[in-house]
Amino acid sequence: MEIENAWPNNPDHVIDLVPEPLTARVWYGDVLLAESTASFRLEETRHVDRLYFPEADVRWEHFEESVAHTICPFKGDASYWTLTVADASEKNVVWTYRDPFDEVAGIKGYVCFYQERVRVELVEAWPGDGVLAVATTPFPAWGDADDLVRLIDVEPSGPGRFVGPTYRDTARNVVEGGQMLAQAIVAAEKTVPDQRVTSAYMIFAKSAAFDSTLEVDVEVLRGGRTFSTLEVKISQDDKLRSAGMLLLDSGTTDVIRGEIPMPDVGGPADAEEMSTFRVTGRDIRVLDGAYNGDPGLVGSPEIYAWCRFRDAPAERYLHTALLAQSTTHWTIAAAMRPHAGFGEDIAHSTLSTGVMSIAMAMHEEVDVSQWLLYANPAIYAGNGQAQGEGHVFTEDGHLVATYTLQAMIRSFQRDPSDMGLDWSNAM
């Protein structure tokens, strides 16, 4: 049967084959099905990303060839294999295009697994020993830490103006508040480069999307030799998304010094690797499995998370910005932990949740390539809101930042789908 090639009639359709620099693995339970250092990511218009493996890197003893075939108008005729491991069977779980169309000739000799039915992960080496020597990220990843740095490192676009770039299609097309806080810090320090941000207060008035640029406007309300006060407004499509006030300081020597002790909660080796945010190049480990979206799990209203980045950015302000970006991850989940039937898995589905404001003080300069502990108790939940505190410590126990965060946790008055929304942009 001749297969009709859809490329001539769909010139705007895009399929990119992007080499994957990390080691990729496929698991079914504790059985390794494939491992490769030569996989590639297939990015296709209006499709989820898929990871393709060289045929030679698959452990074929766990599979039987299937009689199933499907037709893709942009790739060709797909053949399948069924997984047979012990008593388990996953039909047609892996496929290949033996004779793909010329437009995607690069997929010949490669196979792809349904990541919804087996565990596909990316593995990267990190400094350290034992459990800390390897970090894993489920596929598809949101992106790499380098992508995060590119987004927050806003570029000048005119006097007092900066622009934050767009990002590729994401499963949830909503910019996190922490990213806008980080962008405000970068814009402020680029505006007054001989001072550093020591405090910031940001309100997140309206959600922003990745597929449109962010405009960052900075006004110096008062510039001084010791302190400067700046106002930052972030807009998208001519609508205000976030606004804040930032204080910058030239620095001086200590008159007195004191700090609260780091809580005795265990180090990175005692924490569980967390994959929720799916960012390679950033290692997050949560103590006691406290960040868990399962509404059936109940615990105390606090989350302790260790975080570090693979690479140390060259600029001081990027360290500060990356430190700040992670602060908005935790409070909502911590506030829901004590309440049976509530968890991150129902956020944006039956619950309208979002970070509304943050007040942050940066006490010390940091190196985000070293472990930092985020201690996050949620101190209040009620009236559709949640309040959290945060303290950030170095691994040797020094306090480097503090923050308070206010969030929204409310029931939808109408189902998101009735409002033209889905889980990806409901707030």
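The analysis underlying the following values was restricted to heavy atoms, covering all of them including side chains, and did not include hydrogens, waters or symmetry mates.
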task: Let me know which of V58, D57, L83 forms a side chain to side chain contact (heavy atoms under 4.5 Å, CB included) with L33.
output: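 Option passing the side chain to side chain contact (heavy atoms under 4.5 Å, CB included) with L33: L83.
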Check ion pair [X]-[Y] (N to O, under 4.0 angstrom):
X    : Y    : value
R119 : E121 : yes
D153 : K190 : yes
E272 : R285 : no
E189 : R196 : no

Result of checking Y114, W81, F113 against W95 for ring pair (Phe, Tyr, Trp, His ring centres under 6.0 Å):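 Passing option: Y114.
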message: Name the residue from R50, R25, R41 that meets the salt bridge (charged side-chain N to carboxylate O under 4.0 Å, His left out) definition with E20.
response: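 Running salt bridge (charged side-chain N to carboxylate O under 4.0 Å, His left out) over R50, R25, R41 with E20 returns exactly one hit, R41.
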Pairs of donor and acceptor atoms involving the side chains of residues 372-385, under 3.5 Å and at least two apart or interchain, shall be tabulated with distances.
residue	atom	partner	partner atom	Å
Y374	OH	L323	O	2.8
N376	OD1	Y403	OH	2.3
N376	ND2	I303	O	3.3
N376	ND2	Y374	O	2.9
Y380	OH	N383	ND2	3.1
Q385	OE1	Q406	NE2	2.4

query: On the ring face of F277, is R282 found with NZ or CZ under 6.0 Å from the centre and within 45° of the axis?
result: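 Judged by the rule (NZ or CZ under 6.0 Å from the ring centre, within 45° of its axis), R282 counts as positioned above F277.
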- prompt: Are more than 12 heavy atoms from other residues, nucleotides or ligands located less than 6.0 Å from atom CG of D254?
  reply: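 Enclosed.
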message: Is it the case that over 12 heavy atoms from other parts of the model lie below 6.0 angstrom from the CG atom of D30?
response: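 No, the 6.0 Å shell around CG holds no more than 12 heavy atoms from other groups.
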message: Out of the candidates D49, D211, D16, only one should pair with R168 under the side chain to side chain donor-acceptor pair (under 3.5 Å) rule; please name it.
response: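 The residue from D49, D211, D16 that satisfies side chain to side chain donor-acceptor pair (under 3.5 Å) with R168 turns out to be D49.
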query: If we ignore angles and hydrogens, is there a donor and acceptor under 3.5 Å between the side chains of Y52 and T96?
result: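 Side-chain D/A pair, Y52 to T96: absent.
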query: Is there a donor-acceptor contact under 3.5 Å linking the side chains of S250 and Q195?
result: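 Yes - a donor-acceptor pair under 3.5 Å links their side chains.
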query: Would you say the ring centroid of F40 lies under 6.0 angstrom from that of F53?
result: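 Ring-ring flag for F40/F53: false, centres at least 6.0 Å apart.
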query: If you measure from CD on E90 to CZ on R117, what distance do you get to the nearest 0.5 Å?
result: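 Interatomic distance, E90 CD to R117 CZ, rounded to 0.5 Å: 4.5 Å.
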